[in-house]
Amino acid sequence: MKRLKKRAEFLAVARGVRSARRAFVLQTLRLPDETAEPRCGFTVSKKVGNAVVRNRVRRRLKEAIRLDTAALGRPGHDHVVIGRREALAQDFARLRADLAGAFRQGRADRRGRDAGTTVADASQNSHRDHRGEPPGRTR
RNA sequence: CCAGUCGGCCGGGCGGCCGCCUCGGGUGUCUCACUCGGGGAGGAAAGUCCGGGCUCCACGGAAAGACGGUGCCGGUCAACGACCGGCGAGGGCGACCUCAGGGAAAGUGCCACAGAGAAGAUACCGCUCUCCUGCGGACAUCGGGUUACCGAUGUCCGGUUUCGAUGCGGACAUCGGAGACAUCCGAUGUCCGGUCGCGAGACGGAGACCUCCUUCGGGAGGUUCCAGGAGGGUAAGGGUGAAAAGGUGGGGUAAGAGCCCACCGCGGACCCGGCAACGGGGACGGCACGGCAAACCCCACCGGGAGCAAGACCGAAUAGGGGCGGCGCGGGCUCGCGAGAGUCCAGGUCUUUUCCGGACCGGCCGCCCGGGUUGGUUGCGCGAGGCGUCCGGCAACGGGCGUCCCAGACGAAUGGCCGCCACGUGGGGGAAACCCCGCCAUACAGAACCCGGCUUACAGGCCGACUGGCACU
RNA sequence: UGGGGCGUCGCCAAGUGGUAAGGCAGCGGAUUUUGAUUCCGCCAUUCGCAGGUUCGAAUCCUGCCGCCCCAU
């Protein structure tokens, strides 16, 4: 899954649906462009621990998503995974199961649509608009 | 063997599957994908406490001043506040450890409390010399004096001492009474006390001693001691303090004192050793020169400022700036079919500043130029480089030779899962070798331009040198 | 990356060489029939930590720890 890298993109996804698990919090944003490739970003704040701990949390989450990227990703959705300290020690199989559940929950939530339109208005200069369809379209 | 000191090093290993970043080669449908090969976190990558490289800015050169830093001596280093060696001071039986360790006779300042005195010493108690005085007070009278006051006499009060009586207080004894006892009360006697009261006598520091006189009451003189006052001399002793202006002993003195002497301490011309810091000796001085500069400060030396988010290049769309050319000549209102006329209102730039006055511009189109946001490229890893070895040096380090190329991201790669082994630790089994099970088992911790140091964190382990003790030979 | 500030009782805080004010809270007592108010008393042992300078350190110096803020 492609990575989110810009601060503006993270702020946009933060307005989407949140679903919390023990080891992480998942934010999901439904995009107006249904065919857009699914993307994902990671946030691990300084509260979690020092640099080694933060790196490890992010890498475990990243690996779990990589292994199930076909099952988790659907076109037209952006995600941000906020790592928690529990992701350091949690059983890896359990981590994968939690991620799958959180992704399903995020997509099922209808509120993502409204958030998507407003964000699209706010970030209309983003390069996504160059290849995508015009905003404001409803399904 | 036990206890300890110092220095150096490591900080998991092998393998499987699926992945990530980057470099080079190849292929393709060539801002990407595939494939082959190489590389991919640390001793601290950390904290950001110093020093440099590099880049930009500033600057005619330098110096001074201000500000900041450093501070024994010598060396090493690109440089340093780092390191090495030495010296000094302190600590430890020792190996060894710790130290911002220049200047207090350049100046200013501080040293609370206590204490007499806290820094050009002081003088409270005390010690001591000389001189003077030798019950005190009040009142009255007289005399002297301008006054202040002084002297004499008297009275009163206080004072001192002796004696007496006795009250008082205490102890003891006897007797009587009360009470179950403990004990209490009263009387008498003896002894002691004298801070109180009474009476009488004496005194004039009421003290001691000596001599003389005597009417035996006392008087005169002297010595010594005592008390008070004035003027000196002291700094030994007391005590305070963190610190008291050399220490101890002796001589000396009125008492004392480096006043003198011996020893110790201190300063110290000069001599010797050392590149130096410093060390050894030391004529002589006779004791000044307390501590604090991590108080201000003085002296010596060093420092232009900022930082890779430095800096360089490219740069779409939109908006805006400048230049040139062409066309046009502001806006509102009223009248008019219209051309146009009337009226009102400006704004900017220049004219040195304000006012007045004057000139120009304002819109549209085209071309060009420069700045610049998101972004992209670069800076970006051959270096004060790593490893090995030899030589010089006590060492830090320097030199020669050989060999190697070894992370390069930018929401940030080096990961996930698993097996075996090593070591540690806990539990269980076994006589033992050993076996089984558990540990998020295995710390501290993640490059962000680079390098040299410092500091801090760290499970566990290895090696070497040395010290003290015990035992054995 | 660079710069600045703070840390003192449970809370808010004063004090910048001489042995740690004050307020709130808490505890005990008095006043009151009871409560509130008021009054009195108590309440700091490593002044974030560790070293050092000094006779003496919350204060001065050095090194750490934690928190906050600013610029880019």
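Hydrogens, waters and symmetry mates are skipped; everything else that's a heavy atom, side chains included, is used. Chain naming here is simple, since letters A, B, ... match the order of the sequence lines and numbering starts at 1 in each.
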With respect to the side chain of [X], which nucleotide from [options] is positioned closest?
X: A:Lys62; options: B:G415, B:C417, B:U414; answer: B:U414
X: A:Glu63; options: B:G446, B:C417, B:G415; answer: B:G415
X: A:Thr43; options: B:G446, B:C18, B:G411; answer: B:G411
X: A:Arg59; options: B:C18, B:U414, B:A445; answer: B:U414

Does the structure show a Watson-Crick or G-U wobble partner for [N], both distances under 3.5 Å? Name it, or say none.
N: B:A46; value: B:U455
N: B:U223; value: B:A208
N: B:C56; value: B:G305
N: B:C83; value: B:G75
N: B:G392; value: B:C397
N: B:C324; value: B:G366
N: B:U240; value: none
N: B:C410; value: none

Spacing between [X] atom [atom1] and [N] atom [atom2], to the nearest angstrom:
X: A:Gln90; N: B:C417; atom1: CD; atom2: P; answer: 12 Å
X: A:Asn55; N: B:G446; atom1: CG; atom2: P; answer: 9 Å
X: A:Asp91; N: B:C418; atom1: CG; atom2: C1'; answer: 13 Å
X: A:Phe92; N: B:G19; atom1: CZ; atom2: P; answer: 14 Å
X: A:Leu67; N: B:C17; atom1: CG; atom2: P; answer: 16 Å
X: A:Arg85; N: B:C440; atom1: CZ; atom2: C1'; answer: 12 Å
X: A:Leu88; N: B:A445; atom1: CG; atom2: P; answer: 13 Å
X: A:Phe42; N: B:C20; atom1: CZ; atom2: C1'; answer: 13 Å

Can you tell me how far [atom1] in [N] sits from the matching atom in [M], rounded to whole Å?
N: B:C272; M: B:G237; atom1: P; value: 45 Å
N: B:A457; M: B:G69; atom1: C1'; value: 29 Å
N: B:G4; M: B:G452; atom1: P; value: 37 Å
N: B:C83; M: B:G7; atom1: P; value: 12 Å
N: B:A309; M: B:G375; atom1: C1'; value: 16 Å
N: B:G381; M: B:C458; atom1: P; value: 39 Å
N: B:G40; M: B:C406; atom1: P; value: 9 Å
N: B:C423; M: B:U442; atom1: C1'; value: 9 Å

So what does A:Arg56 touch, heavy atoms closer than 4.0 Å: a base, only the sugar-phosphate, or nothing? sugar-phosphate

So [Y] and [X], do their side chains get closer than 4.5 Å, heavy atoms only?
X: A:Ile82; Y: A:Val44; answer: no
X: A:Arg18; Y: A:Val25; answer: yes
X: A:Gln105; Y: A:Arg21; answer: yes

Does a nitrogen or oxygen in the side chain of A:Arg60 sit under 4.0 Å from OP1 or OP2 of B:C417? yes

Determine: side-chain N/O of A:Arg58 to OP1/OP2 of B:A413, distance under 4.0 Å, yes or no. yes

Quick check on [N]: syn or anti? Syn means the glycosidic torsion is within 90 degrees of zero.
N: B:C406; answer: syn
N: B:G366; answer: anti
N: B:G189; answer: anti
N: B:G74; answer: anti
N: B:A41; answer: syn

Assess the residue pair A:Leu99 and A:Ile65 against the criterion (side-chain contact (heavy atoms from CB on, under 4.5 Å)); give the C-alpha distance rounded to whole Å, side-chain angles, the decisive distance to 0.1 Å, and a yes or no. CA-CA 8 Å; A:Leu99 273 169; A:Ile65 288 173; 3.8 Å; yes

Let's go through A:Val80 and A:Cys40 carefully: what are the C-alpha distance in whole Å and the side-chain angles of both, what is the deciding distance for side-chain contact (heavy atoms from CB on, under 4.5 Å) to 0.1 Å, and is it a yes or a no? CA-CA 6 Å; A:Val80 167; A:Cys40 182; over 6 Å; no

Does the side chain of A:Gln90 pick up a donor-acceptor pair with the side chain of A:Arg85 at under 3.5 Å? no

side-chain contact (heavy atoms from CB on, under 4.5 Å) for A:Leu61 and A:Phe24? Distances and angles first, verdict last. CA-CA 9 Å; A:Leu61 291 170; A:Phe24 58 89; 4.1 Å; yes

Determine the minimum heavy-atom distance between A:Pro75 and A:Pro38, stating which atoms define it.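 For A:Pro75 and A:Pro38, the tightest heavy-atom pair comes out as CA-CD, 4.0 Å.
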
Of the non-hydrogen atoms in A:Leu29 and A:Gly16, which two are nearest, and what is the gap between them?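 Looking at all heavy atoms of both residues, the shortest contact is CD1-CA, 4.1 Å.
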
With a 4.0 Å heavy-atom cut-off, tell me which residues in residues 95-105 of chain A come close to RNA chain B, sorted by residue number. none

Ranking A:Val52 and A:Arg66 by the position along RNA chain B of their nearest nucleotide, the one closer to 5' is A:Arg66

Is there a side-chain contact (heavy atoms from CB on, under 4.5 Å) between A:His79 and A:Val13 once you walk through the steps? CA-CA 7 Å; A:His79 310 279; A:Val13 178; 5.7 Å; no

